[in-house]
Amino acid sequence: MLFAIELRNGVVANNILIMKKIAVFPGSFDPFTVGHEEIVKRALSLFDGIIIAVGANALKKNYFSLDDRKDMITKTFKGDARVSVDHFEGLTVDYCKRVGASYILRGLRTSSDFEYERAIAQVNRQLISEIDTVFLLTKPDHTPVNSTIIRDIIRSGGDASQFVPSAVNLKDYKGQD
Ligand code: ADP
């Protein structure tokens, strides 16, 4: 297993295997926001590659379809080979293992985010100790940016464009309750 991971995410230079640092940024991204975009952009100085992985939970009803959520993210990072977009079902740590990522990236806005994220990160580490979670604090003006509130604005016919990346035109997507 380790060998397979090394082949996928390592490069050999002067006979020394250099492991690439890959992080998975998992989330619902319903929709992807400027807050999510900023976390990924800042994390690119820490990791060689980031996989933005949309959680596809068959039991969870999302407003935007999986394809639309992936499309928004693809448009946001178009042209940056360090960022890829995928989706997964099941446990995030199992997905990380499958793609050879040693880090989970998460964003923090408030103390309640912290408490929620702390429990998940600690349980994840108990499940697979080789995978660590890295948190980045949101920049102050993104603290109130929240996918739930953005969905409410859209449902009520408001203009939520300032809360999503500039590459995303919300008119291209039709949400469904
Ligand atoms: P999930 O359902 O997994 O919480 P979200 O799409 O809501 O998915 O969030 C994905 C990650 O992005 C989480 O770590 C969340 O705390 C973080 N996040 C959400 N909004 C912001 C924001 N405005 N600034 C920074 N991080 C954020």
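Atom set for the values below is all heavy atoms of this structure, side chains included, hydrogens, waters and symmetry mates excluded. FYI, the numbering just counts along the sequence from 1. We count ligands from 1, going down the list as the structure has it; atoms in each ligand are counted the same way.
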field: Flag for D159-S161: side-chain donor and acceptor within less than 3.5 Å
entry: yes
- prompt: Charged N to carboxylate O under 4.0 angstrom, D48 versus R82?
  reply: no
query: Who are the residue neighbours of ligand 1 when the rule is a heavy atom under 4.0 Å from any of its atoms?
result: F25, P26, G27, S28, F29, G35, H36, I39, R106, G107, R109, D113, E117, T138, H142, V145
Pairing residues for F114 by the side-chain contact (heavy atoms from CB on, under 4.5 Å) criterion, not counting sequence neighbours: L108, R118
message: Regarding D152 and R155, does a basic nitrogen lie under 4.0 Å from an acidic carboxylate oxygen?
response: yes
- prompt: Can D94 and R98 be counted as an ion pair, charged N to O under 4.0 angstrom?
  reply: no
- prompt: Roughly how far, to the nearest 0.5 Å, is CZ of R106 from OG1 of T133?
  reply: 8.5 Å
